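Per chain, numbering begins at 1; letters A, B, ... match sequence-line order. Small disclaimer: the values here were computed from a predicted structure and weren't measured.
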Protein chains: 2
Amino acid sequence: MVDPESKTAQRRILTAAKRVFLSKGMAGARMQDIADTAGINKAMLHYYFRSKQKLFDKIMSDAVANFFPRVVGILNGDLPLAEKIQCFAAEYVDMLLENPYLPLFVLNEASLHPARFAKRWWKDRESPFTEFARQVESEVAARNIKPVHPLQLVINMLSLCIFPFISRPIWTQTTGIDEEGFRAFMLLRKTEIPRFIMDAIKN
Amino acid sequence: MVDPESKTAQRRILTAAKRVFLSKGMAGARMQDIADTAGINKAMLHYYFRSKQKLFDKIMSDAVANFFPRVVGILNGDLPLAEKIQCFAAEYVDMLLENPYLPLFVLNEASLHPARFAKRWWKDRESPFTEFARQVESEVAARNIKPVHPLQLVINMLSLCIFPFISRPIWTQTTGIDEEGFRAFMLLRKTEIPRFIMDAIKN
DNA sequence: GTCTATACTCGGATAGAC
DNA sequence: GTCTATCCGAGTATAGAC
């Protein structure tokens, strides 16, 4: 149940919808469940947002807006490579500690409706890695780091930050780590990931 | 449509169910869709498998059996560390090139029903990483590799192999890579991942 | 074993009073 | 804006003929 005191019904609905959609997905979510969580009537959902699809789209839109840009901004900033990688890992891990369901939610949508995803939530975004790729190539040319394909480096950075959150349920199960243990594990990774990457590529 | 000539109806149903469940998930899959894909009547599904849930469980059971053990076998084998990492990446990438939907399918189930997942599909499996952890620690003690937490190394290996497949739709979208390009990209990673990891940890 | 027809439930959406 | 009551399509499951 979302805090019933919190301002408008509209706001409560969005909070509830986010919680339900992110954990159950579009197909698995129930409007009744969202209504209960928001502490309001099911009919109100349709009053504020005409359909389940429209409500879902709103949530997905917000999710995409969180998932990418903050971090693309770091990649395209003007920090030196090493600091950039540190900053990237720290930002991403912190964000995902706050929003652990976000990756699976977005990745499921992209996997289920690739065309729709591209059209609706990518659209006019330009390729976000060209700036970073240039920087990597110049570092390679200067012999500061080993020759490495920039895109391989980017997907490595993303993988190391995001995957642990996606696999958390299996990971805690197989290793016997509990929830606080996982949090500590990920906080450690904020420094471990950059160290691992820099050790891998520095000359 | 599954090859209508292929042996028993039972077999065709399983093939069709795998295809539909893996791409749509439990909640999004439709029995009618599975029946059409198998080229048989919807009632036959219930004749062979009493319910949607039972059919899903069968598919999930097979999926879990593919997702883990082959690779846990490598981790617990008696290869030297470097070869083990090479072998691990090659095996996993090859397997996922054949079954690209497998990770998201299994991870969704684990995320949606953690308790059920643990009970039903984990059960009597022992912790699969202790053997490998011992090996890593002995390599660290021998000063062959840098001090590294074994579990951090394991999750790194898994992340680097699996995540690119999960994020493929977004990745191809943002980079402009097409499907053959992605395949080439992943085949490259079969050697890039072990090189990256070894560079990161070797003394 | 395979089909057609149908029962039954669930859940998204709307009508209409207040 | 908020509620109750209800409609109606979709989808799982079963009955029963062949």
Side-chain angles (χ1 to χ4, degrees), chain A residues 1-63 105 108-109 112-113 116 120, chain B residues 1-63 105 108-109 112-113 116 120:
Chain A
M1 164 84 80
V2 164
D3 174 15
E5 303 301 310
S6 78
K7 23 195 159 190
T8 72
Q10 169 120 349
R11 193 88 230 120
R12 287 220 309 283
I13 291 174
L14 285 173
T15 306
K18 179 178 178 185
R19 187 183 301 176
V20 174
F21 276 132
L22 261 72
S23 61
K24 303 271 186 67
M26 169 65 175
R30 296 290 165 256
M31 294 295 266
Q32 186 62 59
D33 191 356
I34 295 174
D36 293 347
T37 304
I40 56 146
N41 195 279
K42 196 170 58 155
M44 298 304 305
L45 299 182
H46 290 91
Y47 176 78
Y48 282 104
F49 308 84
R50 298 196 29 89
S51 66
K52 182 183 182 184
Q53 186 63 50
K54 287 210 169 32
L55 182 52
F56 176 83
D57 289 352
K58 181 80 182 74
I59 302 298
M60 177 59 63
S61 171
D62 295 350
F105 178 66
N108 271 323
E109 176 65 8
L112 207 53
H113 308 292
R116 171 142 59 98
R120 260 193 158 126
Chain B
M1 164 84 82
V2 165
D3 175 14
E5 303 300 311
S6 78
K7 22 197 160 192
T8 72
Q10 169 119 352
R11 192 92 229 118
R12 288 218 307 283
I13 291 174
L14 284 173
T15 306
K18 179 178 177 184
R19 186 182 303 175
V20 173
F21 276 131
L22 260 73
S23 61
K24 304 272 184 66
M26 169 64 175
R30 296 290 164 256
M31 294 295 265
Q32 187 62 59
D33 192 356
I34 296 174
D36 293 346
T37 305
I40 56 146
N41 193 281
K42 199 171 50 158
M44 295 305 299
L45 298 182
H46 290 92
Y47 176 77
Y48 282 104
F49 308 85
R50 297 207 22 96
S51 68
K52 183 184 181 182
Q53 187 62 52
K54 284 210 170 33
L55 181 52
F56 176 83
D57 288 351
K58 181 79 182 74
I59 302 298
M60 177 59 65
S61 171
D62 295 351
F105 179 66
N108 271 322
E109 176 65 10
L112 207 54
H113 308 292
R116 172 140 59 98
R120 258 190 156 132

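- Between B:Ile40 atom CD1 and C:dT4 atom C1' the separation is 15 Å, expressed in whole Å.
- Within 4.0 Å of B:Phe49, counting heavy atoms only, lies no atom of the nucleic acid at all.
- Counting non-hydrogen atoms of neighbouring residues, nucleotides and ligands closer than 6.0 angstrom, the CZ atom of A:Arg116 exceeds 12 such neighbours.
- Contact check for B:Asp62 versus B:Lys18: no side-chain heavy atoms found under the 4.5 Å cut-off.
- In the set C:dG12, D:dT12, D:dT4, the nucleotide with an atom closest to the side chain of A:Arg30 is C:dG12.
- In this structure, the side chains of B:Arg30 and B:Lys24 stay at 4.5 Å or more apart for every pair of heavy atoms.
- Each of C:dG12, D:dT2, C:dT2 was ranked by its minimum atom distance to the side chain of B:Tyr47; first place goes to C:dT2.
- Going from atom NZ of A:Lys52 over to atom P of C:dT14 covers 15 Å, rounded to whole Å.
- Phosphate proximity of D:dT14 to B:Arg50: present, with a side-chain N or O under 4.0 Å from OP1 or OP2.
- Atoms CD (A:Gln32) and C1' (C:dA13) sit 13 Å apart, rounded to a whole Å.
- For the pair A:His46 and C:dT14, the criterion of a side-chain N or O lying under 4.0 Å from OP1 or OP2 is not met.
- Put simply, the side chain of A:Arg11 reaches to within 4.5 Å of the side chain of A:Leu14, judged on heavy atoms.
- In this structure, A:Ile13 places its CD1 atom 14 Å from P of C:dG12, rounding to the nearest Å.
- Within 4.0 Å of B:Ala27, counting heavy atoms only, lies no atom of the nucleic acid at all.
- Of the candidate nucleotides D:dT2, C:dC3, D:dA13, C:dC3 has the atom nearest to the side chain of B:Asn41.
- When each of C:dC3, C:dA13, D:dC3 is scored by its nearest atom to the side-chain atoms of A:Met44, the top-ranked nucleotide is D:dC3.
- B:Ala29 comes within 4.0 angstrom of the backbone, heavy atoms only, and of no base.
- Residues A:Arg120 and A:Asp57 are in side-chain contact: their nearest non-hydrogen atoms beyond the backbone lie under 4.5 Å apart.
- Both A:Lys42 and A:Tyr48 lie close to DNA chain D; mapped to their nearest nucleotides by heavy-atom distance, the more 5′-ward contact belongs to A:Tyr48.
- Here D:dT12 presents its P atom at 9 Å from CE of B:Met26, a figure rounded to the nearest Å.
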